[in-house]
Structure formats: structure tokens, C-alpha cells
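To keep things clear, I will list the structure first and then write my remarks on it.
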Amino acid sequence: MKSLVVLACLLFAAAAPAQYSREFQSPNLGTGAYGGSYGYDLDGDGAPNLWTRSSTGQVVVYNSSFSPWWTVTFPGYEYGYLATPRDIDGDGLVVPVNMDGDPAGEVVFSGALYATDGYSGKVRVYDAASRQLEWESPALDGFTGYSYLEDVDGDGKHEVIITRTDYTSGWGYIEVYGYVGAGLDGSPAYGLQNRQAVAEPSVFDEHTRVRFTLAAPARTRLVVLDRAGRLARELLEARLPAGEYSVNWDGRDDSGKDLAAGVYLFRLERDDAVDTGRLVLAR
């Protein structure tokens with residue numbers, strides 16, 4: 001009987017629950033605290049890196065000793081992110097992916113800001129070896145900061161995939177950015193594949209400009225609408241040849257009167273295609 005009691009005690013001791021303790025706590029990141037890993041080995045030491053983001057638009061990548069290794073800051077933006085990649089070789093780790101054909105690979109970060117009644121964000125591409133900035137997108141209305149990396153066109157180079165949505169106006173897009181070659185000046189360049197029109201800056205007090213590209217000749221009309229969808233200004237109506245264009249707007253209506261501060265929309269019509277975007281006039 002005593003041996004049975006001893007055996008029962010041993011069995012009970014072996015079933016005790018495992019114990020865990022906190023290995024690391026970051027500094028206070030504010031209400032925008034967010035973090036993850038994705039199994040991303042950015043520093044090449046064979047272990048995934050932890051990354052965090054703060055309310056001030058700062059993204060910090062830590063090494064395997066939980067020491068800051070790389071800090072990327074988006075001034076003026078509330079939320080920073082590291083793009084989600086994939087384990088392309090199946091070894092359990094994600095490494096910087098090839099976006100422009102060089103052997104180093106690239107790393108993509110993004111920043112986002114909630115302003116007035118919607119989001120705005122931008123994308124940055126860095127060289128993984130030097131950690132130097134290769135490209136920064138213009139401000140993208142409706143972009144919340146989440147981005148993904150995939151070779152979606154099968155050319156052997158990864159693209160950045162983002163979503164842009166404006167809940168107040170009812171528009172939304174999936175957009176793909178990919179490397180388009182050295183360009184005439186020999187510097188790296190990334191292009192928007194679906195020729196989406198972009199306003200720079202999207203928040204302005206005196207003037208802004210809408211940039212767009214026509215891949216083929218098209219009857220083109222560019223207008224500014226108020227939030228109710230009423231025409232505020234017609235900026236362009238003509239048949240244009242293929243090429244790149246930039247149209248300025250000074251915040252006035254067709255009669256030359258200054259419009260009130262607030263949210264406006266631009267609408268670009270090209271034959272059977274329509275692009276829209278948000279403008280914030282801040283006087």
C-alpha cells in the first residue's frame with residue numbers, strides 16, 4: 001500500500017503545469033502600440049526579429065538580444081508598420097525579398113495617419129544591406145498602413161500590395177507598386193501599375209496638384225467635387241495624348257472665388273476609367 005501511495009505522489013508531481021515568464025517588455029509605445037515578427041530575419045543572424053510600432057509613427061526592429069537594431073520614423077504619421085512578406089524558400093524564416101534585381105533584397109515599411117475623417121499613408125522601400133531609403137511614395141489617401149509583398153506578376157521581383165479605402169465617399173482600391181527600371185536619370189524608380197491618380201499634397205492651404213499618367217490617348221476630364229458630390233471646379237477637359245500630366249488647383253471654384261476649408265474629392269475620368277481621391281483644403 002505504501003508503494004502505491006509513493007507512485008501516486010510521483011505521478012502527481014510529474015503533471016505539474018509548466019511555468020513561463022516574461023522575457024522582454026518594450027518601452028511605453030503609447031496607445032498605438034503594436035508589434036510582431038512574421039518570422040522576418042532582417043539582420044541575417046538566423047533568428048526572426050521582433051518589431052514594434054508606436055503612436056509617434058516609429059518602427060523599431062530588435063535583434064535576438066532584444067536590443068534596438070533598426071529604427072524607422074515617419075514624422076507626422078501615427079502608425080508605422082513593417083510589410084508582411086512570405087517564407088519563399090520554406091526554411092521557416094522570411095528574408096528580405098528581391099524587388100529591383102539587386103542581390104541585397106529590399107525591406108518595406110509604411111506609415112499611416114488618421115486625419116479629419118479618413119486615413120492617409122505612404123510606403124517606403126529600403127535596401128536591406130545598407131538600410132538606405134530607395135523610394136518613398138507620395139501621400140496615399142485612404143491607405144491605413146498595412147502592406148504585403150508578393151511576386152504577383154511572375155517576373156521574379158516582388159511587388160508591394162496595399163488597400164486604399166474611403167468609407168465616407170464609398171471608394172476603395174487594391175493597388176500594386178513594382179519596380180519599373182532605372183529610368184532616364186539612372187536612379188531606382190517604383191511605379192503604380194494601374195496608373196492611379198495622386199494628389200500632392202492631399203492636405204493643402206494654397207494649392208495642390210493632381211498627377212496622373214495616360215498609357216494611351218484618351219478623352220480626359222478632371223473635376224473637383226464637394227463632399228455632397230456637387231461640382232466645385234472643372235480643372236481639365238480635353239483629349240490628351242499618352243504621357244504624364246500634372247494639374248494644379250488653387251482651392252477656388254470656376255468663378256475664381258475661394259472655397260471654404262473642408263474635404264473635397266477630385267475625379268479623373270479617362271474614357272471608360274474613373275479614379276477619385278480625397279483633398280483637404282485647410283485655410
Side-chain angles (χ1 to χ4, degrees), residues 36 38 40 59 72 74 77 79-89 94-102 104-113 118-128 133-167 169-183 187-200 202 210-216 218 220 242-246 266-278:
Y38 305 147
Y40 215 153
V59 181
V72 175
F74 286 84
Y77 286 80
Y79 309 115
Y81 297 93
L82 180 63
T84 307
R86 288 186 56 189
D87 176 12
I88 57 177
D89 58 5
V94 173
V95 297
V97 297
N98 171 26
M99 297 186 68
D100 60 5
D102 68 21
E106 278 70 41
V107 180
V108 176
F109 293 85
S110 55
L113 169 72
Y119 280 93
S120 178
K122 61 174 55 178
V123 178
R124 288 184 186 165
V125 178
Y126 288 83
D127 180 90
L133 180 66
E134 290 188 353
W135 178 75
E136 180 176 272
S137 76
L140 302 168
D141 289 335
F143 175 43
T144 60
Y146 295 106
S147 55
Y148 301 86
L149 301 176
E150 294 281 358
D151 179 12
V152 292
D153 59 4
D155 66 353
K157 301 181 182 67
H158 280 62
E159 287 81 34
V160 184
I161 307 165
I162 69 171
T163 302
R164 295 170 63 190
T165 307
D166 189 309
Y167 299 103
S169 303
W171 59 261
Y173 305 95
I174 299 295
E175 295 180 348
V176 179
Y177 289 79
Y179 186 74
V180 293
S187 62
Y190 290 77
L192 187 59
Q193 301 303 302
N194 66 355
R195 307 301 185 184
Q196 173 70 34
V198 175
E200 298 177 326
S202 59
V210 178
R211 293 192 303 104
F212 61 93
T213 301
L214 297 180
T220 305
E244 296 184 356
Y245 296 90
S246 177
F266 70 81
R267 178 183 174 92
L268 178 68
E269 303 170 359
R270 308 183 309 273
D271 288 342
D272 58 351
V274 176
D275 292 327
T276 62
R278 191 183 64 153

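FYI, the numbering just counts along the sequence from 1. All values below come from the heavy atoms of this structure, side chains included, with hydrogens, waters and symmetry mates left out.
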Spacing of [X] atom [atom1] and [Y] atom [atom2] [to the nearest 0.5 Å]:
X	Y	atom1	atom2	value
R124	S110	CZ	OG	10.0 Å
K157	N98	NZ	CG	6.5 Å
E150	E159	CD	CD	9.5 Å
Y38	T84	OH	OG1	3.5 Å
F143	T165	CZ	OG1	11.0 Å
Y173	T163	OH	OG1	13.0 Å

Heavy-atom pair of closest approach, residues P85 and Y40: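 Answer, listing the atom of P85 first, then Y40: CG-CE1, 3.4 Å.
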Contact summary for H158 and D151, nearest pair of heavy atoms: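 That would be CD2-N, 3.8 Å.
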Is any side-chain heavy atom of [Y] closer than 4.5 Å to one of [X]?
X	Y	answer
L268	V210	no
L82	V107	yes
R211	P138	yes
L140	Y177	yes
I161	I174	yes
Y179	V125	no

Exam field: side chain E106 to backbone M99, donor-acceptor pair closer than 3.5 Å: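 Yes, the answer is positive, given that a donor and an acceptor are paired below the 3.5 Å cut-off.
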Main-chain N/O of V160 paired with S147 side-chain donor or acceptor, under 3.5 Å: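 Side chain of S147 to backbone of V160, a donor-acceptor pair under 3.5 Å: no, none is there.
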Residue that, paired with Y81, satisfies ring pair (Phe, Tyr, Trp, His ring centres under 6.0 Å) out of Y146, F74, F109: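 So the option named by the test is Y146.
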Test side-chain hydrogen bond (donor to acceptor under 3.5 Å, both in side chains) applied to Y79 - qualifying residues, sequence neighbours left out: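 Partners of Y79 under the side-chain hydrogen bond (donor to acceptor under 3.5 Å, both in side chains) test: none.
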